[in-house]
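Just below is one structure, and these are the notes that go with it.
Quick caveat: nothing in here was measured; it's all calculated off a predicted structure. For this chain, numbers begin at 1 and follow the sequence in order.
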Amino acid sequence: MVRIGPNAVLPAIRESIVLRTADGLRLVGELALPEDRAPIATVLMLHPLPTHGGSMDSHVLRKAAARLPALAGLAVLRFNTRGTGDSEGSFGSAEAERHDVAAALDFARSRALPEVWLAGWSFGTDLAVRYGLDPLVRGLVLIAPPMRWSTQDHLARWAPSGKPVTALVPEHDDFLRPDGVRERCAVLPGARVVALPGAKHLLVGYADEVLDELVAAILPGFTPPLPREWPLSATDR
């Protein structure tokens with residue numbers, strides 16, 4: 001057994017995918033599935049702000065795709081929104097991206113992916129809150145939500161659905177800290193706000209804790225932490 005390092009890529013079936021939006025754009029992404037079993041659930045991940053370097057390869061999303069199929073039996077679907085990486089189009093200030101989220105949900109539906117959860121990080125949380133209230137979606141995980149392009153009114157629309165909402169909030173976040181997120185989430189009586197002690201918005205050094213809490217939100221029977229070691233066959237590149 002070896003420690004799972006920051007660049008470890010554990011076994012999974014990985015497929016490069018293309019999403020087609022209703023307004024005619026081609027978006028690139030990846031679907032990672034467990035190698036030895038059917039997925040228990042699916043996490044559709046939405047990345048941080050692309051105008052500030054966010055993409056499907058931002059470290060928390062990359063590590064989720066690298067680890068969670070093997071460690072938790074989850075399918076991980078991630079993609080670049082318009083104007084990010086090799087995806088077509090240009091940044092839409094959280095408006096045109098409604099088509100991107102819809103295209104990803106359509107893809108998940110077409111593949112019959114099970115128990116789809118939305119997990120956004122930073123800008124991705126705004127997209128998840130605004131455009132993720134779809135019958136396919138089981139629940140919502142908001143990672144370091146700044147609530148720059150989403151409001152309490154957007155959050156309040158989730159309340160009648162009864163879908164679980166969990167916010168993972170860095171103690172020293174640059175935008176909204178745990179108390180601020182609790183205040184914003186007051187419109188969702190069942191929302192859980194989990195503080196990440198010591199963490200800042202970029203979550204450098206805190207990916208393990210984020211993935212632990214992400215899986216705990218999606219799989220009710222799971223007790224953190226995820227395994228921190230893996231057989232020597234794991235790649236680390």
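- Annotation for E183: atom CD does not count as buried by contact number, only 12 or fewer foreign heavy atoms lying within 6.0 Å.
- For the atom pair OG1 of T42 and CG of L33, the computed distance is 8.0 Å after rounding to the nearest 0.5 Å.
- With respect to R14 and E35, no salt bridge is recorded, no charged nitrogen being found less than 4.0 Å from a carboxylate O.
- Although no hydrogens or angles enter the test, the distance criterion places a donor-acceptor pair under 3.5 Å between the side chain of D100 and the main chain of R82.
- Under a 3.5 Å cut-off, the side chain of R182 and the backbone N or O of R177 do not form any donor-acceptor pair.
- V194 and L203 fall within the same hydrophobic cluster, defined by Ile, Leu, Val, Met, Phe, Trp and Tyr side-chain heavy atoms under 4.5 Å apart, directly or through other members.
- Side chain of S161 to main chain of K163: a donor-acceptor pair is present (N/O by atom type, distance under 3.5 Å, no hydrogens or angles).
- Linking Ile, Leu, Val, Met, Phe, Trp and Tyr residues whenever their side-chain heavy atoms come within less than 4.5 Å places M147 and V169 in a single cluster.
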* After noting the C-alpha distance and the side-chain angles of S55 and D57, does the key distance pass the side chain to side chain donor-acceptor pair (under 3.5 Å) rule? -> CA-CA 5 Å; S55 77; D57 289 318; 4.6 Å; no

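- Cluster membership check: I218 does not share its hydrophobic cluster with V116, using side-chain heavy-atom separations under 4.5 Å among Ile, Leu, Val, Met, Phe, Trp and Tyr.
- Residue E209 holds its CD atom at 9.0 Å from CG of L211, rounded to the nearest 0.5 Å.
- A donor-acceptor distance shorter than 3.5 angstrom exists from the side chain of Y206 to the backbone of G198, with no hydrogens or angles considered.
- Checked by atom type and distance alone, the side chain of E97 pairs as donor or acceptor with a backbone atom of A94 at under 3.5 Å.
- Y131 contributes atom OH, which lies 4.5 Å from atom CZ of R98 (distance to the nearest 0.5 angstrom).
- Here the straight-line distance linking atom CG of L219 with atom CD of E115 works out to 9.5 Å at 0.5 Å rounding.
- Looking at W158, its side chain does come within 3.5 Å of a backbone N or O of V129 through a donor-acceptor pair.
- Within the model, atoms CG of L202 and NE2 of H59 stand 7.0 Å from one another, a figure rounded to the nearest 0.5 Å.
- In this model, a donor atom of one side chain and an acceptor atom of the other lie less than 3.5 Å apart for D126 and S150.
- By the rule that hydrophobic residues join a cluster once side-chain heavy atoms approach within less than 4.5 Å of another member, V43 and F79 end up as members of separate clusters.
- Not a single donor-acceptor pair under 3.5 Å links the side chain of H47 to the backbone N or O of N80.
- The neighbour count for D86 CG, taken as heavy atoms of other residues, nucleotides or ligands under 6.0 Å away, does not exceed 12.
- Expressed to the nearest 0.5 Å, how far CZ of F175 lies from OG1 of T125 amounts to 10.5 Å.
- Between L168 and L196 the shortest side-chain heavy-atom distance falls below 4.5 Å.
- A donor-acceptor contact closer than 3.5 angstrom is absent between the side chains of D153 and T151.
- Looking at R78 and R62, their side chains come closer than 4.5 Å, going by heavy atoms from C-beta outward.
- Between the side chain of D212 and the backbone N or O of L226 there is at least one donor-acceptor pair closer than 3.5 Å.
- Note on L68 and V137: separate hydrophobic clusters, where clusters join Ile, Leu, Val, Met, Phe, Trp and Tyr whose side-chain heavy atoms are under 4.5 Å apart, directly or indirectly.
- R138 places no side-chain N or O within donor-acceptor distance of the main-chain N or O of L118, the cut-off being under 3.5 Å.
- Within the 3.5 Å criterion, the main-chain N or O of M1 finds no donor-acceptor partner in the side chain of E229.
- T166 and R192 share a side-chain donor-acceptor pair at under 3.5 Å.
- The pair D208-R67 meets the salt-bridge criterion, with a side-chain N (NZ, NE, NH1 or NH2) lying under 4.0 Å from an Asp/Glu carboxylate O.
- When every heavy atom of A70 is checked against every heavy atom of P11, the shortest pair comes out as CB-O, 3.6 Å.
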* Pair L61-W121, side chain to side chain contact (heavy atoms under 4.5 Å, CB included): steps then yes or no -> CA-CA 9 Å; L61 280 71; W121 176 14; 3.7 Å; yes

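- Using bins of under 30°, 30° to 60° and over 60° for the plane-to-plane angle, the ring pair F91/F123 lands in the tilted bin.
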